[in-house]
Each structure stands twice: as C-alpha cells, then as structure tokens.
Amino acid sequence: MKKTYLNEIPNLVDKEIEVYGWVHEIRDTAKFLFIILRDSAGKAQILINKEKTEIYNVAKELHHEDVIYVKGIVKKSEIARLGYEIIPNEIKILSKAKHPLALDVTGKINAELNTILDARYLSLRRDDYNAIFKIQSALVRYIREFLYERGFIEIFTPKIIKFATEGGAELFQVKYFDEISYLAQSPQIYKEICSGAFEKVFEIASYYRAEKSRTPYHLTEFLSFDVECAFYSYHDIMDLLESLMKFVINKLYEKNEKEFNILKCEKINVDYKFERIKYDEVISILEPYGIKWGDDLTQHTLKLLEGKIGKKFFFIIDWPTELKPFYTHEHEDNPKITKSFDFNYGFLEIASGGERIYNGDKLVQKLKKMNLNPENFSLFIKALDSGMPPHAGFGLGISRLLLILTNSKNIKEVVLFPRDVDRLIP
RNA sequence: GCCCUGGUAGUUUAGCCCGGUUAGAAUGUGAGGCUGUCACCCUUGAGGCCCGGGUUCAAAUCCCGGCCAGGGCGCCA
C-alpha cells in the first residue's frame, strides 16, 4: 500500500489505508484516545479504543509532533467534527519529538515573531504560516504561467558581481579567491543585456543590500521578480504589470481559497483601472504638508498620500531625473523628468520600473553626470553600442506583495528564513 | 545610526506605578482519574523574574549601563 494523504480520506470510506504524519492534538477521555493527525495535505482524527490494548499501549506514549504511521479503516462519523475518522489496526512511532517544544504548533498559544522565526522548523507547521508559503509558491507559479504564455524567457543572472557600480545602496563584499567581489543588488544590467537578445525576459531571484534598515518592509536578502522587454514603452510595461497583477491575484483567490480562509484575510479587490498619477500631481496633493517638487517620497509621505487617495493599487509616474537611477530614460521634451514609475499598494512600494537608456554614448554622459565610473560599465556600454533596442522593465518585491495578500504585518513573517541587520540564523 | 516601548517557567501572560507575597494564571510537560473528545474536563507534581552595577535593612518592582526584541524614523536602483 501507498501513503494516503489526509485530504483523500473522504473518498476512501470503509477502505483500509496507510497514513503518515505528525501528532497535532491529543484528547484523552475515559474510553477513547483521540489523535488529530496532520500531514501536508490535511488533518484526520484517529479514534483509539482503550480496550484495544495493543494499539493503546503504543498510542498512550504519543506526544505533540511525534511522527507516526497508522494503518486503519476510514469511517464516516456523525460525531467527529471532521466528518471522518480512522479506526487504527496498527500504529507505529517513526520519530519522537523531544519536549518541551519551542512553540505551540496548534497556535492555541500564540508566539512572538522572534520566537516564530527562531523556531521556523516548527512555525512552518502551523496552519497559518504553512498557508502563507503555499500562497507564495502559487504566486510564483502563476507569475510564470502568465509570462510563459506570453512568450517570455526565464533567465538566471549572476549574484556574484565584480563592480560596486552605483551610488545608492551599499553592497555586501564577498571574498572571491584573490579578489573582492559583491553580492548583486539587482539583475538590472544583465536583464537589459538579455532583453537585447530574447526581447522578453524575466527572473525571480534573491538580491542583497547592505543597508542597516530596521523596518517591517526591508531585508538584507530579498526576493525580486524582474522583467525586461525590448520594444516596450513604460506604459506598455505598466499595462503588462497591471494585467499580470490582476491575473495572478484573481487566480490565487480562485485556486488557493483554502489557504486564504486559514489566514482569514479579506480579499483585495483588483477590479479597477490602476491609476497612473504623475509625480507632479502627487506633489500638488501633498503640498499642504510641505512636500515640494524634487523631494523623494518617503514612507511617511506616502502614508499621507494613502490618506488622501485611499488604499489601492496605483502607479506614480514621471519621476524627477535625479530621484531615479542612472539607467532611467528621460523624457525627450523635458529632461528633468523620466519615463519611470513606482507601483504601490497604498503607501507600500511594491515595484518600480521604466524605460531605460539604450544608447551607449548617452549612458556614458549620464554616468559622468552622476559621478560614476564608465569603466566599470564597459560591458554594459558595449551591449548598448551593439544594437540595443529601446526597452523597459520593472522589479517587483515578491515578499511585499505576499505581505499585502496575506495581510501580514512584518515582511519577516512571509519570508521562510529572513535575513536582516541582526538576523543571520536560522 | 536616532527615538519610543518592552524583556517574568518551553510558550503566552498578570504582578512593577506605590520595594517586604510560598511571584499568580493559561498552555505544554510528569502522575492519577473521567461515558465520543473536538481549545475536552477534574485532581496532583515539576518548571520562571535577560545580564552587570547602584540605591536600600530589603529589588521582579526604583536608578544607571549592556544585550535582545517590537514599533516609529533615517538609510534604501
């Protein structure tokens, strides 16, 4: 016989099955011992009659999170709240859990975030965290589904890089044999180069920033979803991102209802046109708060904006040139602003992108203007000089999106093994 | 890096303001009991004041420093 997964048992009434899983709950009454068994697919009640001493002698030794094997008959039950139960003919303990455990897997006694992270080996077994990461898996799957359907090529770019190229975010140094290298903070130039060959590319991977940020939204290692498309304008890219978001979120609500029910989080409505608000308009909305043109929009500022326009998905477009990275393409008729966008849900930035400079000479000019060394970009400049089409793209924070979808409070909750300024373990 | 708040059994939490109690509870864990439980229930045992210094006859409680955590800010292609 094969392992039966616990979600299958309603179809196996009166059949003998073999199940494997973890002891989730134990209730000990006068005549019966009730074990709630949990596996990756669901839960089932094991009903043990204490008069069956052979089985009871094994079962009375059970503790929370012990791993067991049960062979038994599935019975429909009016009394059992799950509707079905398993009457065992044999129980084996495969792996003992040493007590006390670091946290309560049933979630009846909650644990602090720090405890939850330290004991990820247990908190991932909790229904809520389990659901979050099943949603993450589905989210990535639907992104791939959407893009493969539209002729995109998935790429894998290097995470160990030679040059600390830009100002801005600090990079982690890595000893690379006899030279110094860095952990990539984005696939930017590599995905642009790839778009010059494949036209439409994407990558889902982790990147690194050595910033001592202590916020509920920043990590030193974060999962990014990057897209780059040749012959796309920034409005084309926003169209793509908007339809992708609608597809992915609707599909999640359709296919992963079980997980969202466990999390008890309200569905986010995406059934509207995602507004594209010009940076200029944002400034005029925020003028009463002393925000002026040229200011970056901090989280605090964006919270004020959310208060004005409400909590929804929207784009902020046409950012001042000096607020955007060196590769961002300016508007031809007004070089003070760029063909760029941020994509937000309320105050939280989820993605940013835009059109890129695709002419080598222009890029060199721009690098010099920003006090960056063109020599460090020689590969990229050659690529631009070798027939680089106009192109645009974006980078999206997967965990920030997951945070919103699962109504979580801290990004560390939705990352399996988060890395922040103070946490390198587990 | 700055500001605020906190740190009490494995976990979660009361007590702290107003110093003196066998430091209380829940859950988990050991023992026993209980008519099918479903946050089962009942009896009973074990288990705790972050670290260092100070004030005081006396510190979980007040003060200072450290470490750790959470939040706010800053930093942040």
Side-chain angles (χ1 to χ4, degrees), chain A residues 23-36 43-51 60-61 63-65 75 77-83 85 87 97-119 122-123 126 164-171 184-189 191-192 207-220 222 224 226 296-301 303 319 321-328 338 340-342 349 351-354 356-357 366 370 372 393-397 409-410 412-413 420-423:
Chain A
V23 173
H24 190 68
E25 290 179 61
I26 303 164
R27 285 186 284 274
D28 186 2
T29 69
K31 280 189 178 167
F32 298 96
L33 190 63
F34 300 89
I35 304 292
I36 306 299
K43 299 197 185 78
Q45 176 162 280
I46 316 292
L47 173 66
I48 294 149
N49 189 332
K50 290 188 175 181
E51 285 171 8
K60 72 182 182 189
E61 301 302 323
H63 289 92
H64 290 87
E65 297 309 307
K75 289 287 176 195
S77 168
E78 298 295 317
I79 318 166
R81 228 163 252 180
L82 294 169
E85 56 196 0
I87 316 297
K98 278 188 188 167
H99 281 256
L101 296 172
L103 55 78
D104 171 26
V105 174
T106 67
K108 287 167 193 165
I109 301 295
N110 206 356
E112 289 182 342
L113 180 56
N114 198 40
T115 309
I116 284 164
L117 296 175
D118 282 343
L122 282 173
S123 60
R126 263 171 55 162
T165 43
E166 51 284 322
E170 294 290 318
L171 300 180
Q185 61 169 258
S186 105
Q188 188 62 35
I189 67 170
K191 67 174 177 173
E192 288 191 50
Y207 299 96
Y208 305 87
R209 290 186 190 174
E211 295 292 340
K212 294 196 168 179
S213 301
R214 295 169 203 275
T215 84
Y217 311 103
H218 292 81
L219 293 172
T220 52
F222 67 99
S224 178
D226 282 89
D296 202 357
L297 302 180
T298 65
Q299 201 149 80
H300 176 71
T301 313
K303 279 177 183 167
W319 289 70
T321 305
E322 57 272 31
L323 292 180
K324 285 292 170 189
F326 67 89
Y327 50 78
T328 312
T338 51
S340 60
F341 64 84
D342 275 13
E349 180 192 330
S352 66
R356 326 297 194 182
I357 293 173
K366 188 69 182 289
M370 295 182 85
L372 295 165
F394 67 80
L396 178 149
K409 297 281 177 290
N410 190 311
K412 293 178 217 172
E413 295 181 64
D420 68 17
V421 190
D422 303 297
R423 182 177 284 279

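Each chain gets a letter, A, B and so on, in the order its sequence line appears, and its residues count up from 1.
- Phosphate proximity of B:A39 to A:Arg81: present, with a side-chain N or O under 4.0 Å from OP1 or OP2.
- OP1 and OP2 of B:G74 both lie 4.0 Å or more from every side-chain N or O belonging to A:His218.
- Spacing between B:U61 and B:G70 at atom C1', rounded to whole Å, works out to 23 Å.
- The side chain of A:Thr29 lies closest to B:U37 when the candidates are B:G1, B:U37, B:A77.
- One distance of note links CG of A:Asn410 with OG1 of A:Thr215; it measures 8.0 Å at 0.5 Å rounding.
- Straight-line distance from the CG atom of A:Leu103 to the C1' atom of B:U29: 15 Å, rounded to whole Å.
- Using a 4.0 Å cut-off between charged nitrogen and carboxylate oxygen, A:Asp422 and A:Lys212 do not count as a salt-bridge pair.
- For A:Arg27, taking side-chain heavy atoms from C-beta onward, the closest of the listed nucleotides B:G70, B:U37, B:A77 is B:U37.
- Rounded to whole Å, the separation between the P atoms of B:A60 and B:U8 comes to 15 Å.
- The C1' atoms of B:U22 and B:G10 are separated by 23 Å, rounded to the nearest whole Å.
- When side chains are defined from C-beta on, A:Phe394 does not count as touching A:Asp226, because their heavy atoms never get closer than 4.5 Å.
- As judged by a 4.0 angstrom heavy-atom cut-off over every strand, A:Thr106 is placed among residues making no nucleic acid contact.
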task = Kindly express the pairing pattern of RNA chain B in dot-bracket notation, using | wherever a base pairs with another strand and counting only Watson-Crick or G-U pairs under 3.5 Å.
result = (((((((..((((......[...)))).(((((.......)))))....(((((..]....))))))))))))....
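- Candidate nucleotides B:C75, B:G10, B:U37 were compared by shortest atom distance to the side chain of A:Glu85, and B:U37 ranks first.
- In this structure, A:Lys108 reaches the B:C40 phosphate: one of its side-chain N or O atoms is under 4.0 Å from OP1 or OP2.
- Remark: A:Lys303 is in phosphate contact with B:C73, judged by side-chain N or O atoms under 4.0 Å from OP1 or OP2.
- Here the closest heavy-atom approach between residue A:Lys191 and residue A:Gly395 is recorded as NZ-N, 4.1 Å.
- A:Glu112 comes within contact range of the sugar-phosphate backbone alone, with a heavy-atom separation under 4.0 Å but no base atom that close.
- Separation of the C1' atoms belonging to B:G7 and B:A46 is 25 Å when rounded to the nearest angstrom.
- Among the nucleotides B:A77, B:U12, B:G36, the one closest to the side chain of A:Ala80 is B:G36.
- Atom CD1 of A:Ile48 is separated from atom C1' of B:C38 by 14 Å (rounded to the nearest Å).
- By the salt bridge (charged side-chain N to carboxylate O under 4.0 Å, His left out) test, A:Lys303 is found to be paired with no residue, residues two or more places apart in sequence or in another chain being considered.
- Across the interface with RNA chain B, nearest-nucleotide mapping of A:Lys50 and A:Gln45 shows A:Lys50 to be the residue nearer the 5′ end.
- Checking the phosphate oxygens (OP1, OP2) of B:G74, no side-chain nitrogen or oxygen of A:Thr215 falls inside 4.0 Å.
- Here the P atom of nucleotide B:A39 and the CD1 atom of A:Ile36 are 10 Å apart, to the nearest Å.
- Under 4.0 Å is where a charged nitrogen must lie from a carboxylate oxygen, and between A:Lys50 and A:Asp28 at least one such pair does.
- Residue A:Ala30 places its side chain closer to B:G36 than to any other of B:U12, B:G36, B:A77.
- Taking atom CZ of A:Phe34 as the reference point, atom P of B:C38 lies 9 Å away to the nearest angstrom.
- Each of A:Pro325 and A:Asp422 was matched to the nucleotide of RNA chain B holding its nearest heavy atom; the match closer to the 5' end belongs to A:Asp422.
- Atom pair A:Asp104:CG and B:A26:P shows a separation of 16 Å (rounding to whole Å applied).
- Across all strands, A:Thr115 comes closer than 4.0 Å only to sugar-phosphate atoms, never to a base (heavy-atom distances).
- Between the P atom of B:A39 and the NE2 atom of A:His64 lies a distance of 13 Å, rounded to the nearest Å.
- Counting non-hydrogen atoms under 4.0 angstrom, A:Arg209 reaches the backbone sugars and phosphates but no base.
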